[in-house]
2 protein chains.
Amino acid sequence: MARSSAGPEIERLIQLLGRLPGLGPRSARRAALHLVKKRDQLLGPLAEAMAAAHANILTCTTCGNVDTTDPCGICRDARRDPGIIVVVADVADLWALERSAAINARYHVLGGILSALDGVRPENLNLDSLIDRAASGDVKELILALSATVDGQTTAHYITDRLSHLPVKVTRLAHGVPVGGELDYLDDSTLSAAIRQRTGL
Amino acid sequence: MARSSAGPEIERLIQLLGRLPGLGPRSARRAALHLVKKRDQLLGPLAEAMAAAHANILTCTTCGNVDTTDPCGICRDARRDPGIIVVVADVADLWALERSAAINARYHVLGGILSALDGVRPENLNLDSLIDRAASGDVKELILALSATVDGQTTAHYITDRLSHLPVKVTRLAHGVPVGGELDYLDDSTLSAAIRQRTGL
C-alpha cells in the first residue's frame, strides 16, 4: 500500500484541487506542490482571494450573474440598455460576451439548457424569472445567445413559445463562418447557413 | 477593449489560479467559475485548506521535505533505516518514491539538479547539508535517485566526487525496461542498458 508522505494538510489540498475542472489527480498533486513551494508568493494570496470570494460573491437574483452585489454590477449599470436582455446558458457565456464588448445590454443566465438526455427540464432553469422580466414592459428585445446545438435550439424554441403572448422581439445569434475560420474546415450546416444568410458588401 | 464583468474578487482569483502549473488563462477562468458556482462545497473548503497549509507547512531543515513539523515526519520516523539516504531532486520525486513504498529510508531533497544551461550551480542546491549528513557517521549508503538525463548524471558525478573521502557507499537507480513498457517503444540507450545489466532468472 502506498504510504502518505505529504501529511494531511497537503493531501486535503491535493484532493480539493483535483475537483477543479482541468486538473486530474496527477496535476492536482503538481499544483499542490507548486503552491507549497511558493507559500508566500502564491499559496497565501490564493487562500485569501478564495476566502474573500467565498465571503463576498453572490448570485444576482435578477439575472443570475455572479458578483459581489445583488443586483449585480451589470443590472445596476444605468448606461446599459434596459430594453435588451441577452439570454445565456451559463455565466461563462456572459463573461465571453462581455469580453467581446459586442453589446451593452443586460443579461439573463439560465443556468443550463434544456436537455432530455441530461434530464434538465424547464423547472430546473431560471425561466420563470426570465418570463417575468420580459413581461415587465421595459424589455423590447430578447437575444437568445445559446449554443447552436440541438439542446440549445430546443431551449430557444421553448423560450420563444413561452413569450409568444408578449410584445417582445426574440432574436438569436447569426450563424456563419467564424471570423478567422477557414472554409475548408467548416461543416456543411455552417456553410449552408452562411450562404443562406449572405450579406451585401 | 474588453470590459471586466467578473468583479475584482473573481478577476484576482482567475489571475492567481492562472499561475498554477497546468492551468492557462482560459482554464483558470473555467476553474474560477466552477469555484464560484460551488461556493459552499468547494470554494470555502479549498480556501480553508489553503490557509491551513499556508499557516502550517514548513520545509524540513534536515532533508528539505515539506511537512507540518520540522524535522519532518520521515526524519522523525524511528522505523526508517537511518543508514540509507535517498537523494532526490525535488519533493515530487520523494512523494513518488513514497507512493511506490519501494524503500523505507530517509531522504534528502536537493531542490533541483545542476544545470549549466539553467545556471543552477552547486551553491544553489542543498548539497552542503547532504555532505554534512553523509559525514555524520550514521549513514552507510546514499542512493542517488536522480533523473537519467545529462544534468541528473552530472549532479550524480558531482555528489560522488564530493563524497569520495567518506566511507559511504554511493549507488544509483538501475536503468532498464520500465515495468509494463513495450520494447518496441523504448529508446536505444535504455535497451542497451537493459541488455548490459541483464539479470538471471
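Every chain is numbered from 1 and lettered A, B, ... according to where its sequence line falls, protein lines coming before strand lines. As the structure is a prediction and not an experimental result, all values here were calculated from the model.
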Original post:
Do you know which of B:A51, B:G44, B:A32 has the most heavy-atom pairs under 4.5 Å to chain A?
Top reply: B:G44
Original post:
With no hydrogens and no angle check, do the side chains of A:D40 and B:H54 hold a donor and an acceptor under 3.5 Å apart?
Top reply: yes
**OP:** Measure the shortest side-chain to side-chain distance between A:L114 and A:P122 over non-hydrogen atoms and say whether it is less than 4.5 angstrom.
**Re:** yes
Subject >> Contact origin within A:V36 toward chain B - heavy atom pairs under 4.5 Å >> reply: side chain
**OP:** May I ask you to check whether B:T154 and B:D151 show a side-chain donor-acceptor distance below 3.5 Å?
**Re:** no
Original post:
Does the side chain of B:D70 pick up a donor-acceptor pair with the side chain of B:T61 at under 3.5 Å?
Top reply: yes
Subject >> Winner by heavy-atom pair count (cut-off under 4.5 Å) against chain B, out of A:G111, A:G22, A:P21 >> reply: A:P21
Subject >> Contacting moiety of A:L35, where chain B heavy atoms sit under 4.5 Å >> reply: side chain
Original post:
Testing A:I14, A:I10, A:L23 for side-chain contact (heavy atoms from CB on, under 4.5 Å) with A:R29, which one passes?
Top reply: A:I14
Subject >> Contact class of B:T69 relative to chain A, heavy atoms under 4.5 angstrom >> reply: neither
**OP:** Kindly say whether A:L130 contributes a backbone atom to a donor-acceptor pair with the side chain of A:R133 at under 3.5 angstrom?
**Re:** no
Subject >> Residue among B:T59, B:V91, B:L46 with most heavy-atom pairs under 4.5 Å to chain A >> reply: B:L46
**OP:** Taking only Lys NZ, Arg NE, NH1 and NH2, and the carboxylate oxygens of Asp or Glu, determine whether A:E11 and B:R99 approach each other closer than 4.0 Å.
**Re:** no
Original post:
Which bit of B:K38 comes within less than 4.5 Å of chain A, counting heavy atoms only: side chain, backbone, both or neither?
Top reply: neither
**OP:** Would you mind telling me which of A:R12, A:R30, A:R19 has the largest number of heavy-atom pairs within less than 4.5 Å of chain B?
**Re:** A:R19
Original post:
Most heavy-atom pairs under 4.5 angstrom with chain A, which of B:D90, B:N56, B:L33?
Top reply: B:L33
